[in-house]
Amino acid sequence: MTGPAARAAWLREQLALHDYRYYVLDDPQVPDAEYDRLMRELRQLEAADPQLVTADSPTQRVAGSPGAAFRAVAHTVPMLSLDNVFNEEELRAFDRRAHERLGEDAPLTYVAEPKLDGLAVAVTWRDGLLERAATRGDGSTGEDVTANVRTIRSLPQRLRAPAPALLEARGEVFMPLAGFERMNREARERGEKVFVNPRNAAAGSLRQLDARISAARPLAALFYGLGRIEGLAAPDSQQGLLALLRSVGLPVSKEARAVQGVEGCLEYYRDLGARRSALPYQIDGVVYKIDRRSEQERLGFLSRAPRWAVAHKFPADEALSVVREVEFQVGRTGTLTPVARLEPVFVGGVTVSNVTLHNIDEVHRKDVRSGDTVIVRRAGDVIPEIVAVVIERRPPGAAPVTLPQCCPVCGSVVLRVEGEAAARCTGGFTCRAQRQEALLHFASRRALDIEGLGDKVVEQLVERNEVASPADLYRLSAAQLAALPRMGEKSAANLLAALERSKHTTLPRLLFGLGIRDVGEVTALALARHFGSLEALMAADEDSIQRVPDVGPVVAAHVAAFFASAAHRTGIRALQEAGVTWPDMVPQAAADGVLAGRTFVITGTLTGMTREQAQQALVARGARVSNSVSKKTSYVVAGSDAGLKLAKAQELGIPVLDEQGLRDLLR
DNA sequence: GATCCTCGAGTTCT
DNA sequence: CTCGAGGATC
């Protein structure tokens, strides 16, 4: 692609990037005039050749205009932004240029600091008293936010002596994560709107016209730069500046550190990156500044950024994308789950094109519509989510998503039980999607564990009407399997062997695999233990099923109804006839063993054994193994890379065992 | 009746 | 991992 088409694509990309900075980060990096210039050029290209117009082109939307309600403040010394580097190579190039300009061969001393995800501010103290605070704005003029900044507790109204006659310090106002989450939780409880991320929360709080509202917001600030200073010589290094700021009582990052050369910078970057999620505030990268002021002065400035400092960004974990459509998937139990199909977007290190919206209420709460521009996040947790819709960019005429009346797969009526979040297809096993998902569940690792029977194979088998129920799987021939696409003789033989292996199973696995509503792994085990055999369970009435621990009226009714169905009874007989067997279990009332009465939670990665093996070893000794940490948990076994569960255990003061500790205990 | 503890179900990508 | 909801407990 060359010529106008390539240029148009480039312009769209640039504009999207600026939109992202504007809407998501609230931190535009180009003046409005530059944005307008790019937009004008794109419009001209598209007017000359309408074929160049794409649906997601920024020319196709209605623009919103930012309001200005605060008094303007001119910055005597411009507030510059920083140039960004996104990788090691670009950082090396930056360092090389600095060396060349300085005519210096030895490694340079840098001060490395976290780049906070907040709002840059300039705060002035005259004779030690806080006089004025301003946002960066476009760099030469910002907004007067003195009243709001005064409410930030970590920021002194009066500097500690000896304070210079005048000090304009520059820093970042931000919202610590704990405060952000608390504030959003409270807002949600009151039914108010929540903030998309800490950055927007900080920006919104600072722009509050009513300073009493800002005062209630958990804002904080850290300082790192100098605007003006009078009555005292400016420090001759960045380290000296940080020391001065600290000495007059201003908050300064504890993470700031002097490092030597590019290698020192990279080491700092990797270290901070690894600890990023454990920091109490959100950061989007690292800033390196050449330490010595004499060197800073010799390097000077580019048009709008200093040549002696650079921001090294972490890969973004939020990005903008466009919703192609919202589809409804049908699950094993018939649940209709809305899924947003997105324009593929690279976020958090992977390309995301599908995002679940959980249920229809969630869709309406976030008000996601086809064609909407949305903010997609894939943060520490793996599963991407739609954080919010950028309302300003909604295409005209976009209609709200509605729950389908009929199942999109089989056309059966969709029913939504009053008070329940989920809507269900009533088709049961007549619905192809439900049959397919039920088979996949039956074959899954924790059920019959049929290796090689993945979604593609099952989809084919169901589509060709070769398999309708689990028992049909065991009647498949090598020839039938080998006829499937992407399935050769070898794979077919492997799958048959896996099917053969799966015939020797256990009662809990079978019960789980049948897919009775509300019967998962744990409940299946409890039922198996209590009744000992499938026959005993099938013969039991609702009341006796309720006597199983943790089974109440709802679950008991589902179990009884399942086995009352003639189709299910036939299906089970067919499985037995196909040769599926499982040993009966000895019914046991309560567990005994050395660890009886103790509850364990296993988290993280173990090295010498799998989590399943650890679980079995514990259960064999009479312990309970649960999935969630609470006051009732006796021990948490934490392998490497343990996450929130370990944190929760520490918070609740629950003893934590490492892998060795677990071994000792088992011995 | 309220609250806490669990379990179940659904989901993404490499 | 998160959310919703069932079950147990006070």
Side-chain angles (χ1 to χ4, degrees), chain A residues 181 185 188 277 317 321 326-342 344-363 365-366 376-387 416-425 433-434 436-438 440-441 444 446-447 454-455 508 511-527 542 545-559 599-601 603-604 624-634 641-649 652 654:
Chain A
E181 273 154 25
R185 197 174 51 239
R188 219 179 345 255
S277 58
D317 55 11
S321 182
V326 175
E327 282 183 359
F328 285 82
Q329 278 178 359
V330 183
R332 167 167 73 87
T333 60
T335 324
L336 293 193
T337 308
V339 180
R341 309 281 176 209
L342 303 176
V345 59
F346 190 75
V347 52
V350 298
T351 304
V352 173
S353 40
N354 302 308
V355 179
T356 177
L357 291 161
H358 301 293
N359 56 55
I360 189 73
D361 289 339
E362 180 86 356
V363 177
R365 206 175 305 137
K366 290 185 173 161
V376 180
R377 169 162 58 203
R378 186 176 180 274
D381 44 335
V382 190
I383 296 177
E385 59 169 341
I386 288 182
V387 183
R416 195 169 176 212
V417 177
E418 188 83 22
E420 273 186 23
R424 289 197 162 82
C425 156
Q434 290 193 47
Q436 193 172 307
E437 296 304 312
L440 272 173
H441 174 74
S444 70
R446 307 180 113 90
D455 53 357
L511 284 176
F512 174 58
L514 289 175
I516 307 165
R517 252 237 261 164
D518 283 340
V519 177
E521 231 182 341
V522 176
T523 311
L525 181 64
L527 288 168
E542 257 184 75
I545 297 175
Q546 268 201 64
R547 279 197 278 277
V548 177
D550 295 321
V551 172
V554 176
V555 175
H558 284 147
V559 174
T599 304
F600 287 74
V601 174
T603 180
R624 269 169 58 86
V625 175
S626 143
N627 289 314
S628 46
V629 180
S630 72
K631 282 188 292 190
K632 294 191 175 168
T633 310
S634 324
D641 294 324
L644 287 170
K645 287 179 191 174
L646 175 58
K648 178 126 192 240
L652 294 173
I654 290 161

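Naming: A, B, ... by sequence-line order, numbering from 1 per chain. None of these values were measured; they are calculated from a predicted model.
Between the CD1 atom of A/Ile360 and the C1' atom of C/dG4 there is a distance of 16 Å, rounded to whole Å. The interatomic distance linking A/Leu342 (CG) with B/dT11 (C1') rounds to 14 Å, in whole Å. We find that CG of A/Leu525 is positioned 11 Å from P of B/dC7, with the value rounded to whole Å. Rounded to an integer number of Å, the gap from A/Arg416 CZ to C/dG4 P is 11 Å. For the pair A/Glu385 CD and B/dT11 C1', the interatomic distance rounds to 12 Å; values are reported in whole Å.
Contact between the side-chain N/O atoms of A/Thr523 and the OP1/OP2 oxygens of B/dG8 is found at a separation under 4.0 Å. For A/Thr356 and B/dT12, the shortest distance from a side-chain N or O to OP1 or OP2 is not below 4.0 Å. Of the side-chain N and O atoms in A/Gln329, one or more sit less than 4.0 angstrom from OP1 or OP2 of B/dT11. Not one side-chain nitrogen or oxygen of A/Asn354 sits closer than 4.0 Å to the OP1 or OP2 atom of B/dT11. Between A/Arg517 and B/dG8, a side-chain N or O to OP1/OP2 separation shorter than 4.0 Å is absent.
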Could you walk me through whether A/Thr337 and A/Thr335 pass the side chain to side chain donor-acceptor pair (under 3.5 Å) test, one step at a time?
CA-CA 6 Å; A/Thr337 308; A/Thr335 324; 5.7 Å; no

Intermediate values then yes/no, side-chain contact (heavy atoms from CB on, under 4.5 Å), A/Arg341 and A/Asn354
CA-CA 5 Å; A/Arg341 309 281 176 209; A/Asn354 302 308; 2.8 Å; yes

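Between A/Thr633 and A/Val355, it is A/Thr633 whose nearest contact on DNA chain B lies nearer the 5' terminus.
Comparing B/dT11, B/dT12, B/dT6 by their closest approach to the side chain of A/Ser626 singles out B/dT6. Of the candidate nucleotides B/dG8, B/dT12, B/dA9, B/dG8 has the atom nearest to the side chain of A/Val522. Side-chain proximity of A/Val555 to B/dG8, C/dG6, C/dA8: nearest is C/dG6. For A/Thr335, taking side-chain heavy atoms from C-beta onward, the closest of the listed nucleotides B/dA9, B/dT12, C/dG4 is B/dA9. The side chain of A/Arg365 lies closest to C/dG4 when the candidates are C/dG4, B/dA9, B/dT12. Taking every side-chain heavy atom of A/Thr351 into account, B/dT14 is the closest of B/dG10, B/dT14, C/dG7. Side-chain proximity of A/Val554 to C/dG7, C/dG4, B/dA9: nearest is C/dG7. Listed nucleotides C/dG4, C/dG6, B/dC4 differ in distance to A/Asp518; the shortest reach to its side chain belongs to C/dG6.
Among A/Leu357, A/Val355, A/Thr356, the one residue that satisfies the side chain to side chain contact (heavy atoms under 4.5 Å, CB included) test with A/Pro338 is A/Leu357.
The heavy-atom pair separating A/Ile360 from A/Phe328 by the smallest distance is CD1-CZ, 3.9 Å. The nearest pair of heavy atoms linking A/His441 to A/Gly513 is CD2-O, 3.5 Å.
Nucleic acid contact for A/Glu362: none, since no nucleic acid atom lies under 4.0 Å from a heavy atom of the residue.
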